[in-house]
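Only one structure is covered here, and it is reproduced in the block below.
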Amino acid sequence: MAKKIVWALSGLILIIVITLGFWHLNSPVKTEAKSLDEMEKYKQAEKDVQSLNLVNGLYLSKEQMKQLLPIVEESAQLQKEGKEKLYKYITDSGETCILMRKQLLDKTDLTQDLKDKHNKTLSWGEEEKARYDDKMEELTQKARGVLNENQLVITKEYVACLIPQQSTANPERIGQAGGNKHIENLLEKARELPEETYQQLKPQFLEKVRRKVELHIKGKAEQDAFMAKVEETLDSVRNMTPEEFAAAKSQIIENLKPAMKTQEEDCLDENVKNYLLNPGMVEILKYKINKA
Amino acid sequence: MDRREFLKKGLLLGTGCLLCGTGLVSPSYAERTDAKTSASPKLKEASFYKKLDDGRVQCTLCPLGEKMKDGQRSVCKVRVARKGKLYVENYGRPSALHQDPIEKNPLYHFIPGMKALALSTAGCNLSCPACQNWEMSQKRVDEIKIFNLMPDEAVKYAKKYECGAISYTYTEPVIFYEYFMDLAKAGKSAGLKNCVVTGGYINPEPLKKMTEVADGFVVSIKGISDDEYGGVCPDVFSVIKNSLKIIKSAGKWLEVAILTVPTRNDDIDQLKNIAGWIKNNLGTDTPVHFSRFYPSFKLKNLPQTPVSLLEKIRKEVFSMGMKYVYIGNVPGHEGNNTYCHSCKKLLVQRVGFRILKNNIQGGKCGFCKTPIPGVWQA
């Protein structure tokens, strides 16, 4: 009996050792061990994908890409220098802080030298930041100037994504039957549920929608009004004939959408800065110019 | 049951199953509805056919001119011969029903931003390999989900949901001719516009009748060779050219859409030839849309049309003197916009099927006051 227990315990220990071994191989500790450079590389790749998903939907001409390239190159240089200056600022102000701490351990005030040094670093940082912002703004306006009216709209409305947007990858086409399948399918499901199941599931569904609505619509009263509209819509589509639902669904979906969009700000400049003036765009544009 | 009787019944049953399987005695839709031919709203006598001496009927709606014996179904899958008459199975039975912007037809010079109740039925007299609605166009009525929507009901919904038009689209309005005619008349009486999106493979007489009730047409050209239309119909492009002339001479608004499919009809010279024909026969005011192909139906192996090719052909066709040349299926492309042919300023800005700006005022350019061809008021 004792022998059996010993064997069982040995087996258990072996399993634990193997499991721990595998866990260690995939452990977050290892991820954390990755160098900052690697993390930076991954972050840049993510940003490049987001830029590509915008650029692919803009259908930039070769000429436009050629015009954009020097602007993006200048922006990349500016961002690189900005990073170096930021590093210098953090280092300088950090070193000053170390000295400040040392002095403040024993005194209640700092030496004038140190105060001056701190103020100098601070004003240098502010000046550099202002210079950087002004230059970025100038480049943003230059980049905007390359885009035509439609490209400006696409850029303004772009929401960063890793998976390409449907409007670029597989848009709704001329003469194609059907449209916004996602919301349509949701409404179809709401129509098909038996009354009891529908009443059971409705609060959960509405709660999910509310969580999304809270991200887009500001103000409790506005959120409540929108949620009342969603609930009313769900109830009303259940009472429609298949024919009426088919005829009405696009309008129902449209009526639900604008409420989500009205709260969106004009993101044009932000999107130009973040995605078109992303330093990774230098390589992307060079590649696309060569291929065009 | 003794052994002999068992074998006899088994053999009969097997033979029955075999015959049903081969379709020889298939309980087809036409036969199932035979008893209620006159009363059922599902079957309606066709408008264009003639009775032949040998008991067959000949459909005269499209140039296929099919001769059908009793129980036989047409190539378009919705017409069936029964006891010396030709019936349609798709009357009041649309298989697709949506609310679409008029731009989706694509009608770009026809009351921009107007909503249309868009519908179609199963079946088609063509079988284009690039069809994007093949799940409907290549099916019979009884093979897909359908709605029951008589003309007065359709008009009621169009009005209720503030549509300014009814679009007959997706598959081929020619094959739901009878439904189209009744619905278009009802729509017209209710103040709705009727917009037809067609391949144009129809005989002159029924087409002329269509033009009496329709307000706008989009004729879709898939190429000049019969292969681009499935190879079932002979001399398709000649028929389409004739249809285009009939629509134009009837004074109806007309736009032409050309689906540009890589390796099949993307030859610049060929596309320029088509554009040249349009210019000479329909005029430079006729808007032409070059649409991007997305892999579909029998052509899933082909890539999407390069946008650069569409841009090139658009430029070429503009240089030929055509005033309004568009790029389709590339949402956000400036080739979706309407620019004044005179002052070149932006008149209608489109992103996808959305209208963002409309600078046409009273049918004229809002900047230089040049009249812009099209239908601009409801």
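Each chain gets a letter, A, B and so on, in the order its sequence line appears, and its residues count up from 1.
B:Val197 does not touch chain A: none of its heavy atoms, backbone or side chain, sits under 4.5 Å away. Proximity to chain A is absent for every atom of B:Glu135, based on heavy atoms less than 4.5 angstrom apart. Within the 4.5 angstrom heavy-atom criterion, only side-chain atoms of B:Tyr157, from C-beta onward, approach chain A. If you measure heavy-atom distances from B:Ser291 to chain A, the contacts under 4.5 Å come from the side chain alone. The part of B:Leu346 that comes within reach of chain A is its side chain, from C-beta onward, which places non-hydrogen atoms under 4.5 angstrom from that chain. Heavy atoms of A:Thr241 lying under 4.5 Å from chain B belong exclusively to its side chain. Contacts between B:Lys115 and chain A at a heavy-atom distance below 4.5 Å involve the side chain alone, from C-beta outward. Only the side chain of A:Ile154 comes within less than 4.5 Å of a heavy atom of chain B; its backbone N, CA, C and O stay farther away.
Proximity of a side-chain donor or acceptor of B:Asn329 to a complementary backbone N or O of A:Pro171 within less than 3.5 Å is not detected.
Heavy atoms of other residues, nucleotides or ligands lying less than 6.0 angstrom from CD of A:Gln199 number more than 12. Heavy-atom neighbours of A:Glu195 CD from other residues, nucleotides or ligands within 6.0 Å: above the threshold of 12. Atom CD1 of A:Ile163 has 12 or fewer neighbouring heavy atoms from other residues, nucleotides or ligands inside a 6.0 Å radius.
Ranked by heavy-atom pairs shorter than 4.5 Å toward chain B, the options A:Ser250, A:Ala292, A:Ala246 are led by A:Ala246. Between chain A and the residues B:Leu117, B:Asn337, B:Leu149, the most heavy-atom pairs under 4.5 angstrom are made by B:Asn337. Chain A forms more heavy-atom pairs under 4.5 Å with one residue of B:Glu153, B:Met136, B:Lys160 than with any other, namely B:Lys160. Considering only heavy-atom pairs separated by less than 4.5 Å from chain A, the leading option among B:Leu259, B:Val330, B:Thr169 is B:Val330. Put simply, of B:Thr171, B:Asn148, B:Leu119, the one with the most heavy-atom pairs under 4.5 Å next to chain A is B:Asn148.
Smallest separation of non-hydrogen atoms from B:Phe147 and A:Pro242: CE2-O, 3.5 Å. Nearest heavy-atom pair, B:Tyr170 versus A:Gly175, reported as atom, atom and distance to 0.1 Å: CD2-O, 3.3 Å. Nearest heavy-atom pair across B:Pro331 and A:Ser167 is CG-O, 3.4 Å.
Taking CG of B:Asp100 as the reference point, atom CD of A:Glu172 lies at 7.0 Å (rounded to 0.5 Å). In this structure, the separation between NE2 on B:His333 and CG on A:Asn148 is 8.0 Å, given to the nearest 0.5 Å. Here CD of B:Glu334 is found 11.5 Å from CG of A:Leu147. Values are rounded to the nearest 0.5 Å. Rounding to the nearest 0.5 Å places CZ of A:Arg173 at 9.5 Å from CZ of B:Phe353. Summarising the geometry, atom CG belonging to B:Asn336 is positioned 6.5 Å from atom CG belonging to A:Asn150; distances are rounded to the nearest 0.5 Å. Here the CD-CD distance, from B:Glu162 to A:Gln251, works out to 5.5 Å after rounding to the nearest 0.5 Å.
Looking at B:Gln349 and A:Val153, their side chains come closer than 4.5 Å, going by heavy atoms from C-beta outward. Using a 4.5 Å cut-off on side-chain heavy atoms (C-beta onward), B:Gln99 and A:Lys249 make no contact.
Contact check on A:Glu157 versus B:Arg354 returns a salt bridge, with a Lys/Arg side-chain nitrogen under 4.0 Å from an Asp/Glu carboxylate oxygen.
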